[in-house]
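Given the structure is predicted, the values throughout are model-derived calculations rather than measurements. Counting from 1, the numbers follow the sequence of the chain as shown. All ligand and atom numbering here is 1-based and tracks the order in the structure.
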Amino acid sequence: MEKKGRNEKLWGGRFLQGTDELVEKFHASIDFDKRLYDSDIDGSIAHVKMMAKESIIPQDDAGIIIEGLEKVRKKIENNEIAFSAALEDIHMHIEDALGKEVGEVGKKLHTGRSRNDQVALDVRIYLKKETELIIDLLKGFQKSLVIMAQKHQDVIMPGYTHLQRAQPVLFSHHLMAYYEMFKRDIQRFEDCFKRIDVMPLGAAALAGTTYPLNREFTKELLCFSKVSDNSIDSVSDRDFVMEFISHASITMVHFSRLSEELILWSSSEFSFITISDSFTTGSSIMPQKKNPDVAELVRGKTGRVLGNLINIFTLMKSLPLAYNKDMQEDKEPLFDTVDTLKICTDVYTRMLANILVHKDRMYDACKQGFLNATDLADYLVSKGMTFRRAHSVAGQAVAFALGHGKELNDMTIEEFKTLSELIEKDVYGYLEIDKMIERRISYGGTSFNNVKKAIQNAKVELGLQ
Ligand code: ARG
């Protein structure tokens with residue numbers, strides 16, 4: 001339905017007709033950008049202070065506007081402001097509410113500014129805070145990984161390749177692999193923070209403005225590290241959103257891989273761990289069930305963050321410079337990514353502290369499946385055989401043992417001798433599980449000492465001691 005009569009919107013001057021009701025609903029972003037209110041008000045206050053300093057507006061007016069903005073902030077916090085599609089977005093709601101607080105003088109706020117640079121600023125202020133929070137949450141998660149690794153430092157489990165038992169490793173070494181993964185995630189967020197931390201206000205619509213803005217001063221007030229250098233880029237750039245969601249996607253993939261492992265390990269088939277009752281749920285039909293829902297949900301939620309990644313990239317890929325309304329659509333994938341990553345990190349940190357580790361099950365699982373075959377080859381190398389030949393002899397030993405329903409260490413010395421004269425009685429010690437761990441001393445390997453040191457280093461990195 002077309003509305004007749006003058007258009008009452010803040011931008012309505014040139015419009016002879018009102019906005020169609022459906023269009024009003026369709027282009028409003030208030031439902032989701034209302035969460036930017038704090039950033040928007042902080043940005044506006046800095047803008048006003050700067051304008052007063054540069055005598056663009058009188059000092060007294062600035063005082064009134066700032067007071068008014070603080071009142072608006074309080075009102076939003078107390079749910080005293082009704083949001084409506086008619087006012088489109090958070091920027092217009094705040095300007096409108098300011099007008100109601102302070103009257104005509106409020107109309108000076110938008111001098112030398114456009115919603116294009118305003119929204120770019122707001123998202124950056126918001127995302128700087130959230131990125132710092134996420135880095136802290138991820139460090140908290142790393143702490144729980146390291147604490148768990150230390151608690152189970154010498155627990156031995158089968159290491160897998162192709163999800164087939166491969167060689168024994170320390171369970172703590174496996175956990176510390178995740179420590180490394182999340183360390184890279186944190187580094188990526190720290191790096192991307194530098195590019196979020198750029199102040200775009202002053203670009204105005206796209207070309208800069210005729211007012212003598214002091215952008216450096218605004219930057220200082222808002223605690224940004226840098227002012228953006230090109231006004232067109234300032235309002236067109238959403239690289240920092242794409243980067244952030246990319247890094248979040250990698251982090252979620254890491255959580256998802258861990259989830260997959262926890263789900264497998266807690267199955268009856270593995271029984272390596274038990275996740276506490278508080279982090280599992282039951283079935284409405286099968287009374288015996290205890291399901292690893294948290295891990296499953298995190299694995300599932302990885303899909304939505306990856307969806308957000310495709311969303312933002314597709315959104316940006318054909319946009320001409322500078323601002324296009326399409327860019328309003330950057331917020332939902334961004335906010336959803338922030339929310340999802342935060343809750344997943346939080347819930348995981350708590351869940352890890354509530355996992356029981358079944359040391360004996362893990363150890364027993366190392367006894368079957370010829371996890372010591374590589375070590376038999378290494379043993380033969382230590383006796384002077386070339387590795388390729390030793391590999392072949394160890395392979396024959398596996399074939400023999402398989403044929404006789406045995407493991408390698410069940411073979412008699414005579415049986416070993418039929419394969420190689422080099423094998424002596426000391427082979428049995430060599431094939432013991434603990435010994436296999438002990439010998440993996442190459443830097444970054446799973447030896448007891450290496451892992452102990454890795455845990456110590458991580459504790460120092462995390463300030464845990
Ligand atoms: N709500 C808009 C957004 O999020 C604010 C910028 C509007 N700019 C404009 N020229 N219509 O992108």
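The closest side-chain donor-acceptor pair between His27 and Gln328, if any, does not fall under 3.5 angstrom.
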Expected list for residues 337-354: side-chain donor-acceptor pairs under 3.5 angstrom, two or more places apart:
residue, atom, partner, partner atom, Å
Thr337, OG1, Asn308, ND2, 3.0
Thr337, OG1, Pro333, O, 2.6
Asp339, OD1, Arg35, NH1, 3.1
Asp339, OD2, Arg35, NH2, 2.7
Thr340, OG1, Asp336, O, 2.6
Lys342, NZ, Glu130, OE1, 2.8
Thr345, OG1, Leu341, O, 2.6
Tyr348, OH, Ser259, N, 3.1
Tyr348, OH, Ser259, OG, 2.8
Thr349, OG1, Thr345, O, 2.6
Asn354, ND2, Arg350, O, 2.8

Show which side-chain atoms of residues 146-154 pair as donor or acceptor with protein atoms under 3.5 Å away, not counting sequence neighbours.
residue, atom, partner, partner atom, Å
Gln150, OE1, Lys459, NZ, 3.1

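Shown here are the salt bridge (Lys or Arg N to Asp or Glu O under 4.0 Å) partners of Lys301, two or more places apart in sequence or in another chain: there are none.
Relative to the ring axis of Phe217, Lys53 places its NZ or CZ within 45° and under 6.0 Å from the centre. At least one cation-pi condition fails for Arg124 and Phe224: the charged atom is not both under 6.0 angstrom from the six-membered ring centre and inside a 45 degree cone around its axis.
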Between the protein and ligand 1, which nitrogen or oxygen pairs come in under 3.5 Å, and how far apart is each?
residue, atom, partner, partner atom, Å
ligand 1, 1 (N), Ser29, OG, 3.3
ligand 1, 1 (N), Asp89, OD2, 2.9
ligand 1, 1 (N), Gln328, OE1, 2.8
ligand 1, 4 (O), Lys331, NZ, 2.6
ligand 1, 8 (N), Asn116, OD1, 2.9
ligand 1, 10 (N), Asn116, OD1, 3.0
ligand 1, 12 (O), Tyr323, OH, 2.4

